[in-house]
Structures are given as C-alpha cells and as structure tokens.
Amino acid sequence: MRGTMLPALCLIVLLCLTACSVGTGASTPTPAPVPPQTSPPPIAATATPTPTPYNGPINPLSGMPTDAETAAQRPVSVMLNNLKQALPQLGQSQADIIYEVVAEGGITRMLGVFQSVEDVGMIGSIRSARSYYIELVMGHDALFIHAGGSEDAYADLGKWEVDHFDAVRGPYLGKTPESNMMWRDDDRRRENGYEHSVVATGTSILDHLPSDLRREHEEGYDAGLSFCDDGTPVGGSPASVVTVPFSNYKTGVFTYDDDRKAYRVEEYGAAYVDGDTGEQVTVTNVIVVYTRCRYTGDSLGHMDVEVVGAGDGWFACGGQGIPIHWSKSDRESPMVYTTQDGTPLSLGRGHTYVNIVPLDAAVTME
C-alpha cells in the first residue's frame, strides 16, 4: 500500500510545482519595432555656371558692348585746343579715341573721336582744323566739328567733301548756350581768352545736325580695330611709365594704375584733367605713331604731318609695351596696327590715346 502511494504523491507534487511556475513566472517582453534607418538623400553638387561670352554689338572704337544703332552710326570728331592757357579741356575723357598731333610752334592739338555724344556734357574748347587731322577724321567716316582752319584745311574740306561743321565760316555758332551747335562760353572768354572759348555739348551737336545728313556708316565699313578683354601684349617690355615728347613745349606722360587697369595721363607736369568732370583722363591703350613732320614754309609755321602711309611705333597696355607697325592706305581708310610680324594688334577694351610724333621723338617706356 505504502509502495503505491509514494509514486502517486510525487506526481501530485510535480504537477503543483508546474502549475505555480506557469502562473507566477515573469513573461519575456516583446521588443518595440525599430523603424528602419534611412540615409539622407545625397546633396547634388552645384556646378559653377560658365559665363556666357558676350556676342552682341560692340562700339567699333572701344570694343565695349553697345546697341546695334550706336555701333552702326558715324562717330563725331572734335578739334580740341591744347594750349596751356586754354586748359582745362572739356569732355575729352569721354572720347573713345584721342589723337594728339603737333600743330605749329611746338604746340599740339587733340582730335577727340566719340562713337556717341549722346551723354557727353560740355566739350571744348574747340579750335581750328589742319589737313592731316581731316585725314584722320576721314579714316573714321566721322562728322567733323571745328572752329576755323588753315587755308589749306578749308580747301581740302571742300575738295574731299567732308561733312564738317564750322563755328567761324559756317552757320554753327550761336550767341547763347545751346542756341546753336557751338557758342562762346562767357566764363572761358573771361578766364581763358576769346579764342579759347568756343564750346558745345553732346545735346547741342545732336540737336543742330542737318536732318538730311547721312548718320550711319555705309555697308561694309570697317573701323580697322580689334579688341580683347586683356590687351596686355605677350612678351612685352615694362611700360609702367610711357613718356612721349612732342616738342620742347609739350611732353605727355602715361603712368599705369594697376588698380584701375588703365594709364593716367599727364601733360605740362600735371594731371590731364577733364574740366567737365574734374577727373584725370585715363586710357586703356597707349599708341605711339612715328611719322614725318615738317614745316610747310608759310609765315605761320604750319606743319605737314604724314598720316597716310606706313611706319613704326609702340603699343602699351597693362603695363607692358611692344614695338608695332602702323599703316593707313589712303585718306578714307582707317589706321591699322599690327605687331612687327604682321599679326593684327589686339587692343584692350576701353579708350585709346594715339600720339603722332616726329621720327626723332625720344619716346621712353620703363
């Protein structure tokens, strides 16, 4: 009896322990679902935009962007007085090209060539013409504004059929400001003298041009100039200071300003100032043209300067200078500039100053 009860008792105890284990044991928690980790989308590399090269109309005298109408129109050229007592000149800083040439007695005059005078203020003082300046005008197919001229110049103006506007023998001098293309400024007449007082403005020029005047170049006209963004000549010599003696009376000095990427112009030992803006004239390109200059033999000491032909010269831009060759095949052709091996010269975009000097002028670059 005892033998059969013991196994039964053990079975009962085992069942009780099993039941307790099931009822009171801690359950294993189910872990919360972990959201899948995703990588942020890659940041696309931003490409540096490539500037689109300008391919629109350019000013044929400066290489600067302009509108098509301005690019096609004939420029305006103005004879400018450069005697010491006539200074300061007015408006010359806005000329795209300034030509300086000897006149008589060692003095020089400038020819300012403006592709547009639309936004130009006062211009002057305006002086008389010489035949070689007229030949420069014709090379640009330009309108020509002057106050008087030598007898040879008057004869050539008619013979060469130049569109010119004269304040002395022509009907273009008024008595009050803006009443005509030109007038005598009261302040300059009082301070500089009667002969140094003829002035104009861009507005007065445009307002008094004849209505039947041809205002645009004829088809196929080429100004003869090439431009690039940086005209600094390759393989050049230092030309931070260019000194150009015209005569015992006049020497021009061009000093390169690296901050402005342009040459500051001086004459008579002082800054060459535009009296209309009060600022020193600066130019991108400096050109020297050597040519034959000789006296005509008249009693007034007039000069004959050969601007039709060919010869040598210098070009400075960006503080560097190289020897060049110039040519002008006839009166109606523009000046053309090349390197010594005949490659067309590339000017820097901006204003240009052309010094036309005697063959023996001791020009220096340093």
Side-chain angles (χ1 to χ4, degrees), residues 53-54 56-66 70-71 75-78 80 89 91-101 110-117 119-120 136 139-140 142 223-244 252-267 271-274 276-277 279-289 313-326 334-339 343-357 363-366:
Y54 178 79
I58 64 167
N59 180 329
L61 303 183
S62 71
M64 300 298 290
T66 189
T70 299
V76 173
S77 59
V78 186
L80 297 170
Q89 292 176 3
Q92 80 277 24
S93 67
Q94 297 184 66
D96 295 297
I97 301 176
I98 296 175
Y99 292 95
E100 184 172 9
V101 196
M110 280 77 162
L111 178 73
V113 187
F114 304 77
Q115 185 62 29
S116 173
V117 293
D119 297 320
V120 182
L136 294 172
H140 289 290
L225 301 175
S226 300
F227 297 92
C228 59
D229 292 333
D230 182 1
T232 305
V234 176
S237 302
S240 294
V241 179
V242 182
T243 303
V244 184
V253 179
F254 302 82
T255 303
Y256 188 66
D257 183 334
D258 191 54
D259 291 334
R260 298 195 62 168
K261 305 301 181 187
Y263 285 89
R264 294 183 176 273
V265 187
E266 303 173 31
E267 64 173 2
Y272 178 45
V273 173
D274 180 340
D276 190 48
T277 65
E279 296 182 354
Q280 185 175 10
V281 174
T282 61
V283 296
T284 303
N285 308 291
V286 179
I287 292 176
V288 174
V289 166
W314 289 95
F315 168 65
C317 182
Q320 296 287 304
I322 57 170
I324 62 168
H325 186 75
W326 68 269
M335 281 275 194
V336 174
Y337 307 101
T338 67
T339 59
T343 303
L345 184 66
S346 288
L347 307 179
R349 301 189 195 281
H351 295 172
T352 298
Y353 200 114
V354 181
N355 304 268
I356 300 178
V357 300
V363 176
T364 61
M365 294 186 178
E366 55 187 335

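Note that the structure is predicted; figures quoted are calculated from it, not measured. Computed from heavy atoms alone, side chains included, the values below leave out hydrogens, waters and symmetry copies.
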Can you sort out the partners of Tyr353 under ring-ring contact (aromatic ring centres under 6.0 Å, His included), two or more places apart, ordered by chain and number?
Phe254
So, His325 side chain and Gly313 main chain: donor-acceptor pair closer than 3.5 Å or not?
no
Taking all heavy atoms of Ile58 and all of Ala71, pick out the closest pair and write down the distance.
O-CB, 3.4 Å
Centroid separation under 6.0 Å, is that true for the rings of Phe114 and His140?
no
Using side-chain heavy atoms (C-beta onward) and a distance below 4.5 Å, is Thr339 in contact with Ile322?
yes
CD1 on Ile97 to OG on Ser77, rounded to 0.5 Å
11.0 Å
Over all atoms of both residues, closest heavy-atom pair of Phe315 and Cys317
CZ-CB, 3.4 Å
Search all heavy atoms of Trp314 against all heavy atoms of Met365 and return the closest pair with its distance.
CB-CE, 3.2 Å
Value rounded to 0.5 Å, distance of OH in Tyr272 from CD in Glu267:
6.0 Å
Look up atom CZ in Arg264 and atom CD in Glu279, then write down how far apart they are to the nearest 0.5 Å.
9.0 Å
Going by the side-chain contact (heavy atoms from CB on, under 4.5 Å) test, name the single residue among Asn285, Val286, Val113 that passes it with Thr352.
Asn285
Can you give me the closest heavy-atom contact between Val265 and Gln280, atom names plus distance?
O-NE2, 2.9 Å
After noting the C-alpha distance and the side-chain angles of Val357 and Val101, does the key distance pass the side chain to side chain contact (heavy atoms under 4.5 Å, CB included) rule?
CA-CA 7 Å; Val357 300; Val101 196; over 6 Å; no
Just by modelled atom types, is the Ala262 backbone N or O under 3.5 Å from a matching donor or acceptor in the Asp257 side chain?
no
Given 3.5 Å as the limit, does a donor-acceptor pair link the side chain of Asn355 with the main chain of Ile287, or not?
yes
Side-chain touch Pro75/Asp96, heavy atoms, less than 4.5 angstrom
no
Straight-line distance of Met64 CE to Asn59 CG, nearest 0.5 Å
8.5 Å
Derivation of the side chain to side chain contact (heavy atoms under 4.5 Å, CB included) call for Leu225 and Leu347
CA-CA 8 Å; Leu225 301 175; Leu347 307 179; 4.2 Å; yes
How long is the span from the CD atom in Glu100 to the CG atom in Leu111, to the nearest 0.5 Å?
11.5 Å
Considering non-hydrogen atoms only, spot the tightest contact between Pro60 and Gln115 and give its length.
CG-OE1, 3.7 Å
Rounded at 0.5 Å granularity, tell me how far NZ in Lys261 sits from OG1 in Thr284.
11.5 Å
Please lay out, stage by stage, how Val273 and Gln89 fare under the test side chain to side chain contact (heavy atoms under 4.5 Å, CB included).
CA-CA 7 Å; Val273 173; Gln89 292 176 3; over 6 Å; no
Does some side-chain heavy atom of Leu345 sit less than 4.5 Å from a side-chain heavy atom of Ile324?
yes
Of all heavy-atom pairs between Asp274 and Val281, which one has the smallest distance, and what is that distance?
N-CG2, 4.3 Å
Check step by step if side chain to side chain contact (heavy atoms under 4.5 Å, CB included) holds for Val289 and Val354.
CA-CA 7 Å; Val289 166; Val354 181; 4.0 Å; yes
Tell me whether Tyr263 contacts the main-chain N or O of Gly319 through its side chain, where contact means a donor paired with an acceptor under 3.5 Å.
yes
